[in-house]
Asker: 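Got a structure for you, written out below as structure tokens; questions coming shortly.
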Amino acid sequence: DQQVKQNSPSLSVQEGRISILNCDYTNSMFDYFLWYKKYPAEGPTFLISISSIKDKNEDGRFTVFLNKSAKHLSLHIVPSQPGDSAVYFCAASEIGNAGKSTFGDGTTLTVKP
Amino acid sequence: KAGVTQTPRYLIKTRGQQVTLSCSPISGHRSVSWYQQTPGQGLQFLFEYFSETQRNKGNFPGRFSGRQFSNSRSEMNVSTLELGDSALYLCASSTDGHSNQPQHFGDGTRLSIL
């Protein structure tokens with residue numbers, strides 16, 4: 001049973017527009033959620049996170065929204081830039097267990113100039 | 001601050017052999033986790049080490065093992081390699097693995113089984 005799901009394998013947007021990446025989870029014990037970005041031949045790099053006590057966290061062009069009742073989170077990138085083209089992974093961990101993250105399968109974002 | 005270092009970057013082995021992968025965490029980080037990524041898949045958690053003790057374990061067979069040394073460096077071993085073990089193996093470190101903080105990943109070791 002996949003506890004973290006990213007239902008869109010790919011997303012293509014025009015430069016300057018908004019990119020919205022979605023993630024659903026099933027485990028009610030998850031309390032810390034993260035987004036990582038991955039370029040080919042590199043390891044994932046941390047992008048932004050949110051704890052379950054919040055419903056929004058913003059960092060520059062990146063905003064993460066958490067809807068606990070729907071067990072859904074999303075990442076908004078505004079405005080999108082060609083350099084944002086990468087694979088984005090959603091991840092989650094349980095209380096006090098941040099060293100064990102459960103990842104989604106990733107969404108490949110392509111930002112067209 | 002130096003990042004997470006994984007060696008080697010690439011490895012080719014044949015079925016039945018064993019392999020050892022190495023990970024040096026960021027200085028001061030005591031939690032080291034290992035993940036497996038296969039094509040088109042997300043990262044699957046293998047195990048986490050903290051203070052030389054395995055603290056968490058994922059759903060992988062006993063052929064996959066690891067250890068952590070007193071300087072927090074970690075090694076992962078896979079015995080009796082199978083074709084399905086071909087994957088990117090990623091190591092990640094964090095300060096303590098307890099508090100809500102992101103993990104920092106190395107660039108991985110790409111293991112190919114022939």
Side-chain angles (χ1 to χ4, degrees), chain A residues 1-10 21 23-25 27 29-54 57 59 62 64 66 75 86-108, chain B residues 3-7 9-10 21 23-26 29-51 53-60 66 68 72 74 88-110:
Chain A
D1 175 38
Q2 197 168 10
Q3 298 186 45
V4 176
K5 287 186 180 180
Q6 296 177 252
N7 291 316
S8 299
S10 62
L21 294 90
C23 178
D24 297 297
Y25 63 96
N27 186 346
M29 297 300 292
F30 286 150
D31 86 322
Y32 183 53
F33 304 88
L34 313 93
W35 285 93
Y36 289 89
K37 180 167 75 171
K38 187 179 185 301
Y39 294 116
E42 294 182 11
T45 55
F46 169 70
L47 201 54
I48 192 168
S49 64
I50 188 168
S51 72
S52 60
I53 60 173
K54 294 186 175 181
N57 188 27
D59 183 2
F62 303 92
V64 55
L66 176 62
L75 173 68
V87 179
Y88 288 78
F89 290 100
C90 169
S93 62
E94 297 182 5
I95 298 171
N97 220 352
K100 179 185 178 183
S101 287
T102 301
F103 283 78
D105 288 346
T107 296
T108 300
Chain B
V4 177
T5 304
Q6 290 189 247
T7 56
R9 287 297 308 276
Y10 302 93
L21 313 181
C23 172
S24 293
I26 290 173
H29 284 192
R30 297 169 62 195
S31 167
V32 175
S33 301
W34 290 87
Y35 295 85
Q36 179 197 65
Q37 185 187 16
T38 48
Q41 299 282 308
L43 283 65
Q44 304 296 317
F45 175 79
L46 280 154
F47 27 65
E48 180 205 4
Y49 285 86
F50 179 80
S51 291
T53 302
Q54 187 180 86
R55 186 160 64 180
N56 279 301
K57 190 177 190 310
N59 296 324
F60 279 82
Q68 187 180 34
S72 295
S74 177
L88 179 67
Y89 290 88
L90 291 158
C91 167
S93 74
S94 62
T95 305
D96 59 18
H98 273 308
S99 50
N100 284 350
Q101 55 185 268
Q103 294 181 299
H104 299 265
F105 284 84
D107 287 337
T109 294
R110 183 161 296 282

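Convention: sequence-line order gives letters A, B, ...; per-chain numbering from 1.
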Asker: If you count every heavy atom of other residues, nucleotides or ligands that lies below 6.0 Å from B:Lys57 atom NZ, does the total exceed 12?
Answerer: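 More than 12 heavy atoms, drawn from other residues, nucleotides or ligands, come within 6.0 Å of this atom.
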
Asker: Side chain, backbone, both or neither: which part of A:Thr108 has an atom under 4.5 Å from a heavy atom of chain B?
Answerer: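 Neither part.
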
Asker: Mind checking side-chain hydrogen bond (donor to acceptor under 3.5 Å, both in side chains) for A:Asp24 and listing every partner two or more places apart, or none if nothing turns up?
Answerer: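 Testing A:Asp24 for side-chain hydrogen bond (donor to acceptor under 3.5 Å, both in side chains), a comparison that skips the adjacent residues, returns A:Asn7, A:His72.
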
Asker: Taking the side chain as every heavy atom from C-beta outward, state whether B:Leu90 and A:Pro44 have any pair of such atoms under 4.5 Å apart.
Answerer: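 Yes, side chains in contact.
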
Asker: Working to the nearest 0.5 Å, report the span between OH of B:Tyr35 and CZ of A:Phe89.
Answerer: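 Nearest 0.5 Å value for the OH-CZ distance: 12.0 Å.
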
Asker: In residues 30-39 of chain A, which residues are in contact with chain B at a heavy-atom separation under 4.5 Å?
Answerer: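 Within residues 30-39 of chain A, near chain B: A:Asp31, A:Tyr32, A:Leu34, A:Tyr36, A:Lys38.
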
Asker: To the nearest 0.5 angstrom, please state how far the OG1 atom of A:Thr45 sits from the CD atom of B:Gln103.
Answerer: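 These two atoms lie 13.5 Å from each other.
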
Asker: Among the options A:Gly104, A:Pro9, A:Ser101, pick out the one with the most heavy-atom pairs lying under 4.5 Å from chain B.
Answerer: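 Going by pairs under 4.5 Å, I would pick A:Ser101.
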
Asker: Who pairs with B:Arg55 by salt bridge (Lys or Arg N to Asp or Glu O under 4.0 Å), at least two apart in sequence or on another chain?
Answerer: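 With neighbours one apart ignored, the set is B:Glu48.
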
Asker: Give, as side chain, backbone, both or neither, the part of B:Asn100 having an atom under 4.5 angstrom from any heavy atom of chain A.
Answerer: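 B:Asn100 touches chain A through backbone and side-chain heavy atoms alike.
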
Asker: Considering all heavy atoms of both residues, which atom of A:Gly99 and which atom of B:Ser33 are nearest to each other, and what is their separation?
Answerer: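 Closest heavy-atom pair between A:Gly99 and B:Ser33: O-OG, 2.5 Å.
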
Asker: Excluding sequence neighbours, so at least two apart, what forms side-chain hydrogen bond (donor to acceptor under 3.5 Å, both in side chains) with A:Asp59?
Answerer: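 Here no residue qualifies.
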
Asker: Under 4.5 Å heavy-atom distance to chain A, tell me which part of B:Leu88 shows up: side chain, backbone, both or neither.
Answerer: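 Contact with chain A: side chain only.
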
Asker: Heavy-atom cut-off 4.5 Å, strictly under: side chain, backbone, both or neither for B:Gln6 against chain A?
Answerer: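 Contact with chain A involves no heavy atom of B:Gln6 at all.
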
Asker: Heavy-atom distances under 4.5 Å only: say whether B:Tyr49 touches chain A with side chain, backbone, both or neither.
Answerer: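 For B:Tyr49, there is no contact with chain A at all, as no heavy atom is under 4.5 Å.
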
